[in-house]
Number of protein chains: 4
Amino acid sequence: MADKPAPDPSRRSERSRRAIFDAALALVGEVGYDKLTIEGIAARAGVGKQTIYRWWPSKAAVLLDAFTDGVDEDYAKGLPDTGDLAADLKFVLRATADEFNDPVFQAPYRALAAAGANDEELSRAFVGRLLEPGTRVYVDRLRAAQETGEVAAGIDVRVAVEMLLSPFSQRWLMRTGELTHEYVDTLVDLLLCGLRPRD
Amino acid sequence: MADKPAPDPSRRSERSRRAIFDAALALVGEVGYDKLTIEGIAARAGVGKQTIYRWWPSKAAVLLDAFTDGVDEDYAKGLPDTGDLAADLKFVLRATADEFNDPVFQAPYRALAAAGANDEELSRAFVGRLLEPGTRVYVDRLRAAQETGEVAAGIDVRVAVEMLLSPFSQRWLMRTGELTHEYVDTLVDLLLCGLRPRD
Amino acid sequence: MADKPAPDPSRRSERSRRAIFDAALALVGEVGYDKLTIEGIAARAGVGKQTIYRWWPSKAAVLLDAFTDGVDEDYAKGLPDTGDLAADLKFVLRATADEFNDPVFQAPYRALAAAGANDEELSRAFVGRLLEPGTRVYVDRLRAAQETGEVAAGIDVRVAVEMLLSPFSQRWLMRTGELTHEYVDTLVDLLLCGLRPRD
Amino acid sequence: MADKPAPDPSRRSERSRRAIFDAALALVGEVGYDKLTIEGIAARAGVGKQTIYRWWPSKAAVLLDAFTDGVDEDYAKGLPDTGDLAADLKFVLRATADEFNDPVFQAPYRALAAAGANDEELSRAFVGRLLEPGTRVYVDRLRAAQETGEVAAGIDVRVAVEMLLSPFSQRWLMRTGELTHEYVDTLVDLLLCGLRPRD
DNA sequence: CTATAAACGAGACGGTACGTCCCGTCTTTAA
DNA sequence: TTAAAGACGGGACGTACCGTCTCGTTTATAG
């Protein structure tokens, strides 16, 4: 019960916070997550180790904050709605594929996904701050399509979105295939039509 | 270039090999992957550290071998084929869901999935030895369904299987939801029928 | 060369000064000198660290001030002079032995003696404020004895006092023996008579 | 009770042991005892920190071993015995004074004396290995003088030796005076004759 | 039925990073 | 304006493991 006195966030050094984020992102790209080190981040940032330990519980938490810092508003816009569901989905997924193929994006994202697998606490934060908002915009778009009748009424929209995004993520995470535009097109088409032959 | 003389596998101690596997699996369950150490495995197995370093390059490799030791023949049987594709898929996926909900299975599998995300070499082995065989049986079953006309001819079967298995894996890995029988049923139905309303 | 502006001693908080002394003496007894820290003193005294750094250069200096605060007038009285030199020396040395055997006295005194050995500056202050006054009263008493003829005229009184007090201090500091009343009696007798057999 | 398994001294690296001693003695002379650091010794010696922690409990213990390594046989010879006690004592004490005035000797010896004051365990080792053997040779010489009648029979020889050596040590440790040849001569003469005037 | 070479257990070694404590400085807040 | 509070850059602590490297000691063929 004897927690050590919580630090006072109002006295926190913004300069140090930024330097730590920059250092963490740079280093994870240069040396990889396994060789990423609190000590290394502190040294690169010109900061005492305690300044990191004071505000974060682990290198994963630092990286998550660094990665999500200022990215939160990306999801505010939502998906485009041109009335053509397939086209809208393909448009956004193609852009996402390009992003996932960007090397500077890969290292921290992979690291966080992996760290989350073994750390329940972290995975909750990772999901809540990155995956869930990214999923929600698809859910919203599909619901809109349901109201126009473009999508069947009884469908579990959440599961449908998973069927679109999880294969994408999995392929990338496990390196089981390339994330090409053709691939995402196939995903979207298959999701919309299903396997069953049409009469 | 002067590699150290390769050890002679024929003189290898089977007793030690098994003890190392047992220790690795037990420890990953008890302390988690991050706190799993080569020294800890060696001590628990009653084995010198060098005996581990002689045969494996990393703790992840040990764990992968330990986890897959004797499990390889599981995939030989293939999926059941009762003629009812949906029923067959649901039957197997439900069993898999039960397996993934088993605590002793979770720790090493999560660990390996996570380690693979940051280690390309390991991920190839992980995919090749665990994911790919597991996927293949689904691919085969779907191809059979294509020949009976139960599944449309033009479908990319590989992608279809991903749309079934990846949401399942992702949900479990990221802890975004429970793996229930209802969930897998929904997945199968959605995959087979697609989102589009039928006329 | 631009020394920081010297603090104004007239505005100094007497309450803080006392609290720091109390805390320093209490802590050195509880945790020992090596684990005595400025932060610990400040926390125990309910004082900001800077209030200590403003007025003292080191924890040794704090402790020396704390230890000598109000003890300076002890030496004003001088030694008793009953006309019997041996009796007077034994009387005072026995009392001193009792004092050195007091646990609350030991910790700070040992700490200061030790710190002085490695810090020339501190040792000068320690000697000047504690050792030298304590020695001087013995010197005065011996000089008086010289004038009465109780002590030979040519004797180097300073060295004689050292021969009385140093064995005493050394025994205590190095723990090479107990400081008993018998011991100090032996010292005094030996000093007065010398080793050489009398005819 | 659960002590960690004692290391096996037979497998100890002699090379490392020597390197650690050399580094410790060099560093204590260069930076002083307070700034002497286990980390610094390890770095200078080209040795892992654990190799120091494995064999010694503290920097003081390292220094004591380094200082006494190979010096133990110095005391084997004993004091000269020319039949003239005063001359013999002065001869040896003058040499000791010269040694104590040697700068390379000072730093480790001061450090050990100081550390011993606050660490009972260490002080026992310091006394047992350095002070006690140094004292014993004087005790033996005085006992021999007692047998020839040069020294009175009833004298407590141990205390007499303290009266000779402690003023010497104290002067040096506390820097209360120079250790000159004249000083040691005065000490010896005073000890032998005592303060009381002879008839 | 040895003898000999390997794999083995044990663990010391030079290192790196951990997470903590404290240093001495600097800044912010309330009296 | 001073002092409490405490965040900061920094350095060392003592610990845990890393991966390498001897040490004897099994052990298991090849002579």
Side-chain angles (χ1 to χ4, degrees), chain A residues 4-13 15-16 19 35-43 45-55 57-59, chain B residues 4-5 7-13 15-17 19 35-43 45-55 57-59, chain C residues 4 7-8 11-13 15-16 35-43 45-55 57-59, chain D residues 4-13 15-17 19 35-43 45-55 57-59:
Chain A
K4 49 197 54 172
D8 177 352
S10 73
R11 315 194 58 185
R12 191 167 177 182
S13 162
R15 156 191 291 279
S16 294
K35 293 187 179 169
L36 180 67
T37 268
I38 299 268
E39 214 152 70
I41 298 171
V47 141
K49 282 202 288 180
Q50 201 56 43
T51 301
I52 299 182
Y53 284 111
R54 182 150 40 228
W55 302 110
S58 67
K59 68 175 179 176
Chain B
K4 51 199 56 174
D8 176 352
S10 74
R11 316 200 66 171
R12 189 169 177 182
S13 160
R15 158 193 287 281
S16 293
R17 198 175 134 271
K35 293 187 179 170
L36 180 68
T37 66
I38 300 265
E39 281 201 349
I41 297 171
V47 141
K49 283 199 292 177
Q50 201 58 33
T51 301
I52 298 183
Y53 284 112
R54 183 150 39 225
W55 302 109
S58 67
K59 68 174 180 177
Chain C
K4 51 201 54 175
D8 176 353
R11 317 195 105 214
R12 189 168 178 183
S13 159
R15 156 191 288 283
S16 294
K35 293 186 178 171
L36 179 68
T37 65
I38 300 266
E39 281 199 353
I41 297 170
V47 141
K49 284 201 290 177
Q50 199 62 257
T51 302
I52 298 182
Y53 283 111
R54 186 153 32 230
W55 302 109
S58 68
K59 67 174 180 177
Chain D
K4 50 198 53 172
D8 177 352
S10 73
R11 314 193 56 185
R12 191 168 176 181
S13 162
R15 157 192 289 281
S16 295
R17 200 176 131 271
K35 292 187 180 171
L36 180 67
T37 270
I38 298 269
E39 214 150 70
I41 297 171
V47 140
K49 280 200 289 177
Q50 201 56 42
T51 300
I52 298 183
Y53 284 112
R54 183 151 39 227
W55 302 110
S58 66
K59 67 174 180 177

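None of the values given here were measured: they were computed from a predicted structure. Every chain is numbered from 1 and lettered A, B, ... according to where its sequence line falls, protein lines coming before strand lines.
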Item to complete: Mind checking A:Arg54 for me? I need base, sugar-phosphate or nothing, with any heavy atom below 4.0 Å counting as a touch.
Response: base

Worksheet item: Between atom CZ in A:Arg12 and atom P in F:dG9, what is the gap in whole Å?
Response: 11 Å

Fill in: Closest to side chain of C:Glu39, choosing from E:dG24, E:dC13, F:dG9
E:dG24

Practice prompt. Using only side-chain N and O atoms of B:Thr37, determine if any of them is under 4.0 Å from OP1 or OP2 of F:dA16.
Written response: no

Discussion item. If you go through the side-chain atoms of D:Lys49, does one of them form a donor-acceptor pair with the base of F:dG14 closer than 3.5 Å?
Written reply: yes

Worksheet item: Which heavy-atom pair separates B:Pro9 from B:Pro7 by the least distance, and what is that distance?
Response: CD-O, 3.2 Å

Worksheet item: Got a sec: does the CZ of B:Arg12 have more than 12 other heavy atoms crowding it under 6.0 Å?
Response: yes

Worksheet item: So which nucleotide from E:dC23, F:dG10, E:dG19 ends up closest to the side chain of C:Ile38?
Response: E:dC23

Discussion item. Pick the closest DNA chain F nucleotide for C:Ser13 and for A:Val47 by heavy atoms, then say which residue is nearer the 5' end.
Written reply: C:Ser13

Practice prompt. Go through E:dG19, F:dC8, E:dC23 for me and flag the one nearest to the C:Tyr53 side chain.
Written response: E:dC23

Practice prompt. Indicate whether OP1 or OP2 belonging to E:dC13 is found under 4.0 Å from a side-chain N or O atom of D:Ser16.
Written response: no

Item to complete: To the nearest Å, give me how far apart CD1 (B:Ile41) and P (E:dG9) are.
Response: 14 Å

Worksheet item: Can you check the D:Gln50 CD to E:dG11 P distance for me, whole Å?
Response: 15 Å

Worksheet item: What is the distance, rounded to the nearest whole Å, between atom CD1 of C:Ile52 and atom C1' of F:dA5?
Response: 13 Å

Worksheet entry | Residue pair C:Arg54 / C:Thr51, side-chain heavy-atom distance below 4.5 Å | yes

Worksheet item: Reckon A:Thr51 has a side-chain N or O less than 4.0 Å from the OP1 or OP2 of F:dG9?
Response: yes

Worksheet item: Do A:Arg11 side-chain and E:dT27 base share a donor-acceptor contact under 3.5 Å?
Response: yes

Worksheet entry | Position toward the 5' end of DNA chain E (nearest nucleotide), D:Ala45 or C:Ser58 | D:Ala45

Fill in: Atom-to-atom span, NZ of A:Lys35 to C1' of E:dG15 - whole angstrom
14 Å

Worksheet item: Side-chain N or O of C:Trp55 less than 4.0 angstrom from OP1 or OP2 on F:dT2?
Response: no

Fill in: Heavy-atom pair with the smallest gap, counting every atom of A:Trp55 and A:Asp8
CH2-O, 3.6 Å

Worksheet entry | Nearest-0.5 Å distance, CD of residue D:Gln50 to CD1 of residue D:Ile52 | 10.0 Å

Discussion item. Considering every strand and a 4.0 Å limit on heavy-atom distances, what is the contact class for A:Gly46: base, sugar-phosphate, or nothing?
Written reply: sugar-phosphate

Worksheet item: Between D:Pro7 and A:Lys59, which has a closest nucleotide on DNA chain E that is more 5'?
Response: D:Pro7

